[in-house]
Asker: 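Okay, here's the structure, questions in a sec.
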Protein chains: 2
Amino acid sequence: MQSLDYSHIKNLDDWKNKIFCGDCLEVLQNFPDASVNLIVTSPPYADSRRSTYGGIHPDNYVEWFLPIAKELQRVLRDDGTFILNIKEKAVNCERHTYVIELILALKKQGWLWTEEYIWHKKNCTPGKWSNRFRDAWERCLQFNKQKKFKMNQDAVMVPTGDWAKTRLNKLSDNDKIRFNSQVGSGFGKNIANWVGREMAYPTNVLHLPTECSNKSHSAAFPKSLPTWFIKLFSDEEDIILDPFLGSGTTCVAAYELNRNYIGIEIKEEYYKIALANLDAVKVPFVQNSLF
Amino acid sequence: MQSLDYSHIKNLDDWKNKIFCGDCLEVLQNFPDASVNLIVTSPPYADSRRSTYGGIHPDNYVEWFLPIAKELQRVLRDDGTFILNIKEKAVNCERHTYVIELILALKKQGWLWTEEYIWHKKNCTPGKWSNRFRDAWERCLQFNKQKKFKMNQDAVMVPTGDWAKTRLNKLSDNDKIRFNSQVGSGFGKNIANWVGREMAYPTNVLHLPTECSNKSHSAAFPKSLPTWFIKLFSDEEDIILDPFLGSGTTCVAAYELNRNYIGIEIKEEYYKIALANLDAVKVPFVQNSLF
DNA sequence: ATTAAGATTGAATCAATTA
DNA sequence: ATAATTGATTCAATCTTAA
């Protein structure tokens, strides 16, 4: 991995819209205070196997995560939000408790545990075992620094009624995202202007498919997940941070929504994939500007 | 409330298919060890309002529940299951932590936290607040005494594929339950025999509507919720216990599935409603026997 | 153009096996 | 014993190809 020294970087413009390859704990220490509007991330899951990504043992998960959370707290703006996508493993026929212990520890650290959104994975990994069914949901824990935080509820409204069932269901998710990225400021909102039918506020249950692409890297979460939270908890031109970037999904979503992004990824292999994925979404816009 | 003395009751047959009005901690102390196959309950939610059902303050919830859980552990059979339907309130713009603290405390008490099922409330009550959306899900925590427990996965299989989408969706939930209660041994299983199409195992996310019919009780769950867990974690003739019976939903579900039930309800008002609801489902069978 | 049918792909989990 | 690895299990949503 490349050696990193960010001490020469003075202001935030030098950080915006870049992704970094390095340990997020080290990289974050060079960030200015209260500079980020929204953190959306899916950290490496606890796993006893060494060979896999990260490889943090469940029993050590909280102590590993807390110093990072402290830095996240420092760099987050006071009205900012921290979204943590996580789910505990089943270990020895039991759900491990490291996630709920982490919630308690983060509260001790000063975070407010504002809400727990549920990501219902519509097409989750199949499997059948003697004592449990497929795990079809993950937690999206919302933490804040203070009770008042930025929240654009209208940006994630969803169409209701017959029109939604007859027309919208025929659009694939790719179509929705493609359309959304073209107009830039939220699918639901534009549909509302478009047709003028009823819109409703969503609940704290998100029905999203797991990304089923044929890419080499396994996508941690579908792009629609960070997209939803970015629309909800940030404005355009805000700064979105993902300290465990993986293949770059959060930054791609932020870019397509006209937000500034900062990504950190420790594994050079995934860092390169993230770079490539970001390049891929930027290309069409460059081509358009040449016309 | 009526004065209760159960010390004269010697064997389990004197308890089966009865509901009791009293404090479940006291009533349970008269139960024999290892006598119950499945516990399904939705305890009074923590609430600072005195006027409502129970009225346990969030900060005292764990210490209030633990002695009861100890009795539940004693009366549950070794291969039995304890399903706890619960959801923490938002207090002071934050999710309270009493539920996750309860999970940790129950583990210390010797329970295994086997799984967390999600009840997604399909038609939850509308509402919108400045800092959160509608709460459309509740936890169904599964606890066990040992790793091996009774689980009838086939009993809750669901139809798959086109057939499920085109046909089954047209049946109302009432139709499904009515059919189920007539045949007695599981809706999914019978559909399988009926049509011979593919069946799939469900996930740990349950999509059930909130019951609108039962207006008398405040925190009622839909009958389909205990029905699902009773099918999954018990056989016919097994004993199902609900120590916080409310309006009697669990016992009605157990009765309709040919299980034996035991219910305990502290409030005489709800106890009477539960009695009436049980009478109501038993009446048609009495009438039939007179033909 | 639309639809139908076949192929593909999983941040999974556990029992059994091996180091 | 304990820890790591392998094999068996399972199916909805996409994607691909054919009709």
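Residue numbers start from 1 in every chain, and the chains themselves are labelled A, B, ... in the order their sequence lines are given, proteins ahead of strands. Side chains included, hydrogens not; waters and symmetry mates left out as well; all remaining heavy atoms used.
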Asker: From the list D:dC11, C:dT13, C:dA12, which nucleotide is the closest neighbour of the side chain of A:T125?
Answerer: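 The answer is C:dA12, which lies nearest to the side chain.
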Asker: Give the rounded distance in Å between these two atoms: CD of A:E265 and C1' of C:dA11.
Answerer: 13 Å
Asker: Roughly how many Å is it from CG in B:N204 to C1' in C:dA12, rounded to a whole number?
Answerer: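 In whole Å, C:dA12 C1' and B:N204 CG are 11 Å from each other.
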Asker: Is the phosphate of D:dC11, meaning OP1 or OP2, less than 4.0 Å from a side-chain N or O of A:R134?
Answerer: no
Asker: Check whether any side-chain N or O of A:N131 sits under 4.0 Å from OP1 or OP2 of C:dC14, and answer yes or no.
Answerer: yes
Asker: Grab the NZ-P distance between A:K121 and C:dT9 for me, whole Å please.
Answerer: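 So the two atoms are 19 Å apart, to the nearest Å.
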Asker: Could you state the CH2-C1' distance from A:W137 to C:dA11, rounded to the nearest angstrom?
Answerer: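 The distance from CH2 of A:W137 to C1' of C:dA11 comes to 15 Å, rounded to the nearest Å.
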Asker: What integer distance in Å separates A:H207:NE2 from D:dA13:P?
Answerer: 12 Å
Asker: May I ask you to check whether A:Y255 and A:N260 show a side-chain donor-acceptor distance below 3.5 Å?
Answerer: no
Asker: If you pin A:C124 and A:E88 to their nearest nucleotides in DNA chain C, which one's is more 5'?
Answerer: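 First, find each residue's nearest nucleotide; the 5'-ward one identifies A:C124.
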Asker: Examine C:dT13: is either OP1 or OP2 under 4.0 Å from a nitrogen or oxygen in the side chain of A:R95? Give yes or no.
Answerer: yes
Asker: Got A:W113 and A:L106 here, is their nearest side-chain heavy-atom distance under 4.5 Å?
Answerer: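 Not in contact.
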Asker: Taking salt bridge (charged side-chain N to carboxylate O under 4.0 Å, His left out) as the definition, give me every residue that meets it alongside B:D135, ordered by chain and number, with sequence neighbours left out.
Answerer: B:K87, B:R95
Asker: Provide, to the nearest angstrom, the distance between the NZ atom belonging to A:K128 and the P atom belonging to C:dA12.
Answerer: 19 Å
Asker: Please verify the inter-ring angle class for A:Y98 with A:Y61; under 30° counts as parallel, over 60° as perpendicular, anything in between as tilted.
Answerer: tilted
Asker: Could you check which of D:dA12, C:dC14, D:dA13 has an atom nearest any side-chain atom of A:P209?
Answerer: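 Taking heavy atoms from C-beta onward, the closest nucleotide is D:dA13.
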Asker: In whole angstroms, how far is the C1' atom of C:dA11 from the OH atom of A:Y270?
Answerer: 10 Å
Asker: Please give the stem ranges for DNA chain D, sorted by first residue number, where a stem is three or more consecutive Watson-Crick or G-U pairs and both donor-acceptor distances are under 3.5 Å.
Answerer: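 Expected stems, ordered by start: C:2-10 with D:11-19, C:12-19 with D:2-9.
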Asker: Going by heavy atoms in the side chains, are A:L102 and A:V62 under 4.5 Å from each other?
Answerer: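 Yes, close enough: below the 4.5 Å cut-off.
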Asker: Hey, can you tell me if A:F133 and B:Y117 have their rings parallel, tilted or perpendicular (30° and 60° cut-offs)?
Answerer: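 Taking B:Y117 first and then A:F133, their aromatic rings stand perpendicular (interplane angle over 60°).
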Asker: If you pin A:P126 and A:N92 to their nearest nucleotides in DNA chain C, which one's is more 5'?
Answerer: A:P126
Asker: Examine C:dT13: is either OP1 or OP2 under 4.0 Å from a nitrogen or oxygen in the side chain of A:S130? Give yes or no.
Answerer: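 No, no such contact exists.
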Asker: Using the side-chain hydrogen bond (donor to acceptor under 3.5 Å, both in side chains) criterion, which residues pair with B:K150? Sequence neighbours excluded.
Answerer: B:D235, B:D238
Asker: Could you give the CG-to-P distance, from A:D135 to D:dT9, as a whole number of Å?
Answerer: 22 Å
